[in-house]
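Before any comments, here is the structure.
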Amino acid sequence: MSNRMPFAVSRSESFYEKLSEWIGDVFYDILPEAGFEIRDEQIFMAFQLEKAFKDKSVIFAEAGVGTGKTIVYLLYAISYARYINKPAIIACADETLIEQLVKKEGDIAKLEKALGLNIDVRLAKSRDQYLCLNKLDKLVANDVHDHYNRIFDELPDFVQTGSSLQKFERYGDRKDYPELSDEHWKNVSWDSIQDCFTCEKRHRCGQTLHREYYRGANDLIICSHDFYMEHIWTKESRKREGQLPLLPENSCVIFDEGHLLEYAAQKALTYRFTEQILESLLTRLMANDVREKTLNVIEDAIYQNEHFFLTLSMTASGDTGSDKKTIEKTDDVMREGRKLQNLINTLEEELVFESEMYVINEYDLKIVEEYLEQIAFSLSLFLKDLKGITWFEENNEERTLVIMPRMVEDIMREEVFSQKKPFVFSSATLSENKSFEYMSKSLGVDDYLSFTVDSPFDYEENMIIHMPEFGEKSGTAKMEYLLEQIKLSEGRALVLFNSRSELTEFKAFATGKLGVPFFFEGDAEISTLVSNFQNDEHSVLCSVNLWEGLDIPGRSLENVLIYGLPFPPHDPVFSAKREGASNPFREVDLPYMILRLRQGIGRLIRTHEDKGTVHILMNETENHEVREMIKRVLPAEPSITN
């Protein structure tokens, strides 16, 4: 038995019985003595989780805002990790929520102080959250921007000088460069064409050093849903390649904001084929002293690549609320796809000869070969009549074909929930009309425990809800309403949008019109924007992705403005879900919208002292069923105005 246990357990005693006793002591005695209030809802949740850990089962723990659910699952995760001698994984919805868990005034720090524990917690961030030295070197060599020169100058000495291993330190985290916009960061962060395994700078890379560090955690590893799912999908292939899985063996998994896990799974289980990346790789190959035959194949592939994506873009169509466009597999599309596939296969054969002549840089050749293999496989899936989902994306003139071979629930059932360990889904919104079927079916969870605990807050007393109505083509009127309400509350506002295009349109409309600071998602590192908003009481935070998890108590947030009902987009992913439903609107669209709306509203009241207003901007033609469903789930009686 580990001597690190937070409570004494002899060899003859049951761990679970002693855990139950300790949990009772913590909530009834230790935490109240440390200044925490006793919450019946929190204690109820604590004893519900006990069965999930004892039975090593899945549990949907739906607990309203203010129940203190984070402290509950932390106590179990830490204790169980020390009992099993493997770290617990806490997977948050995104990187922003990771930072909130480990901030100085966060729940982990509070528990350490109250319980006298030294909790070993380490962060495992997604790969695109780390600096790529190769990309940085190229930008600095071309003198692209002062931002990148400054990053280069501030690198630790061992990166460039080859100092001893003893002088290594972790560096290169996205959070270390808060001033960079998301667009600038993409130019220097890891991306899918970086072959880290063969990179000569691998052992001095910030990503590698962070990974070696978090793998040694004893208690908790905190990652995003995206990163956990990437670990699941890549662990076997990484083992075959002689690499360690992204995450180590673990005792249990907590999915914070667990209602979002499905979307991370979908994102991970995709093959992405981007026109510009293939063109860039092939152009790089042409700079080598390759044979004329190979050169001709490369030139033909570059031309055919462009022609294939042009044909795709001409047949693709989509909803304005989504960047996923539906592809019509016309005869032209299929013909151009097969031509490109044949050229790639030919090029792969030619590169075998080129590798034997050693005229191509080994690192470049390795990247190209692996990426060509991935493209060839992606195209083969696209050209087959497979049961899956495909779509087309076009952002900033970058065109991408995306292929999802199977629906998520099948893979999740086989690869995740077949493991015999505790899986805890924690969120204020896991059920739909008091049923967990929508969530369990989406994720492939066949057997589970569940419970619901309401929020202890008095919403009728502390929250005002307005539901103003607008015509379908009244975008300007909606944006003027936002500015009017922001002016009345003197900032202190969170504005939630359903798409990046809505946010961009409002940013152009609002700039310079009010004398309060606006922070727009994408303009800087997201946790820095959240911190700036929290510390500037009269500011405004505008976001597409902060519907969940954002915790801003006090006067900095007294006004939540929801730009429109958050229905799912009419894109290929949700179209596939709708096709599998007998009543798509009631089984897919409505549950998704209600869950997301409840989350957005939940950003306002975070403590018993908080007060404020929620504005849900409604379409005046919205049908009666939707209106009635919304009214049933709102925590306070709304006022409806025209």
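Note that the coordinates shown come from a computational prediction; the quantities given were computed from them, not determined experimentally. By convention here, the first residue in the shown sequence is residue 1.
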Mind running side-chain hydrogen bond (donor to acceptor under 3.5 Å, both in side chains) on Gln129 and Asp173 for me, showing each step along the way? CA-CA 6 Å; Gln129 294 294 304; Asp173 189 326; over 6 Å; no

Show me the donor-acceptor pairs, under 3.5 Å and distance only, between side chains in residues 41-50 and residues at least two apart or in other chains.
{"residue": "Gln42", "atom": "NE2", "partner": "Gly68", "partner atom": "O", "Å": "3.0"}
{"residue": "Glu50", "atom": "OE1", "partner": "Ser20", "partner atom": "OG", "Å": "3.3"}

Qualifying residue for side chain to side chain donor-acceptor pair (under 3.5 Å) with Asn250, from Lys421, Gln419, Lys86: Lys421

Counterpart residues, side chain to side chain donor-acceptor pair (under 3.5 Å), relative to Ser431 (two or more places apart): Glu62

Can you say whether the rings of Tyr459 and Phe457 are parallel (under 30°), tilted (30 to 60°) or perpendicular (over 60°)? perpendicular

Between Tyr448 and Phe423, does the ring centroid distance fall short of 6.0 Å? no

Proximity of Phe36 and Phe27 rings by center, below 6.0 Å: no

Name the orientation class of the two ring planes belonging to Trp22 and Phe7 (parallel below 30°, tilted from 30 to 60°, perpendicular beyond 60°). tilted

Please confirm whether the backbone N or O of Gly206 pairs with a side-chain atom of Tyr171, one donor and one acceptor, at under 3.5 Å? yes

If you count the non-hydrogen atoms of other residues, nucleotides and ligands that lie under 6.0 Å from NZ in Lys54, is the total more than 12? no

Donor-acceptor side-chain pairing of Ser14 and Glu17 below 3.5 angstrom: no

Qualifying salt bridge (charged side-chain N to carboxylate O under 4.0 Å, His left out) pairs, either residue in residues 253-266, two or more places apart: Glu262-Lys577

Counting only heavy atoms not in Lys611, do more than 12 fall under 6.0 Å of its NZ? no

Is Arg174 salt-bridged to Asp176, going by a charged N under 4.0 Å from an acidic O? no

Does a donor on one side chain sit under 3.5 Å from an acceptor on the other, for Glu409 and Ser442? no

Anything under 30° is parallel, anything over 60° is perpendicular, the rest tilted; go ahead and classify Tyr83 against Tyr16. perpendicular

